[in-house]
Amino acid sequence: MQKELDMFEVSDNNIIIDMFGRRMDEMQARQINILTLAYLGDCIHDLYVRSHICSCGKDKRINSIHKQVVEFVNANAQADCLDAVYNELSDIEMSVYKRGRNSKSMPTKNTDKLHYNKATGLEAVLGYLYVSGQDKRLLYILNKCYKHINEGRKEFWDKQG
């Protein structure tokens, strides 16, 4: 049986671990190198998906878990995620997304430049939300992305339960 997808909730007393020991205001966060924000956003997305799969899945074999994570954390899937949240991005988030999408980065061998750039833009937004301390918004977007990708992978949940 599928567990509730919104397993991560944030209250005022429960925030994602802040590895920097402090949070930045929005202006400071926007001044960080866009590829640094994308790198952090990719890490946050990866951690979210790994945590979710480890807590929901019955299969505890690392190789199996890794294969499931890769279905969600790759440029093509992240580009698809963008479709689920694109119309809901705020003006600032859209600006960060466009900076990430237009950054000078090279796609991996497993995807094309269009998908890679869209994924980099989404990762930059996730990184921006993380460093600026907007945890509720960050988790809203992560939950929405996860649900969007999961809609096409119902067979995954059928195998789990």
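Everything quoted here is computed from the prediction, not taken from an experiment.
Residues Leu37 and Tyr39 fall into different hydrophobic clusters, defined by Ile, Leu, Val, Met, Phe, Trp and Tyr side chains chained together at heavy-atom separations under 4.5 Å. By the criterion of side-chain heavy atoms lying less than 4.5 angstrom apart, applied directly or through intervening Ile, Leu, Val, Met, Phe, Trp or Tyr residues, Leu114 is not grouped with Val85; the two fall into different hydrophobic clusters.
Ring-plane geometry between Phe72 and Tyr146 is classed as parallel, the angle between the planes falling under 30 degrees on a 0 to 90 degree scale with a further cut at 60.
Side chain of Asn74 to backbone of Val70: a donor-acceptor contact under 3.5 angstrom is found. Of the possible polar contacts, one joining the Ser55 side chain to the Ser51 backbone as a donor-acceptor pair under 3.5 Å is found.
When the salt bridge (Lys or Arg N to Asp or Glu O under 4.0 Å) test is applied to Arg99, no partner is found at least two apart in sequence or on another chain.
Annotation: side chain of Glu93 is in contact with side chain of Leu129 (closest heavy-atom distance under 4.5 Å). When side chains are defined from C-beta on, Lys98 counts as touching Arg101, because their heavy atoms get closer than 4.5 Å. Inter-residue side-chain proximity for Leu142 and Ile44 is flagged as met; some heavy-atom pair is nearer than 4.5 Å.
For the residue pair Asp112/His115, the side-chain donor-acceptor check at 3.5 Å is satisfied. Neither side chain, Glu123 nor His45, offers a donor N or O lying under 3.5 Å from an acceptor on the other. For the residue pair Asn76 and Tyr116, no side-chain donor N or O sits within less than 3.5 Å of a side-chain acceptor on the partner.
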* To do: Take Asp80 and Lys118 through the salt bridge (charged side-chain N to carboxylate O under 4.0 Å, His left out) test and state the conclusion after the steps.
  => CA-CA 9 Å; Asp80 288 344; Lys118 286 174 70 175; over 6 Å; no

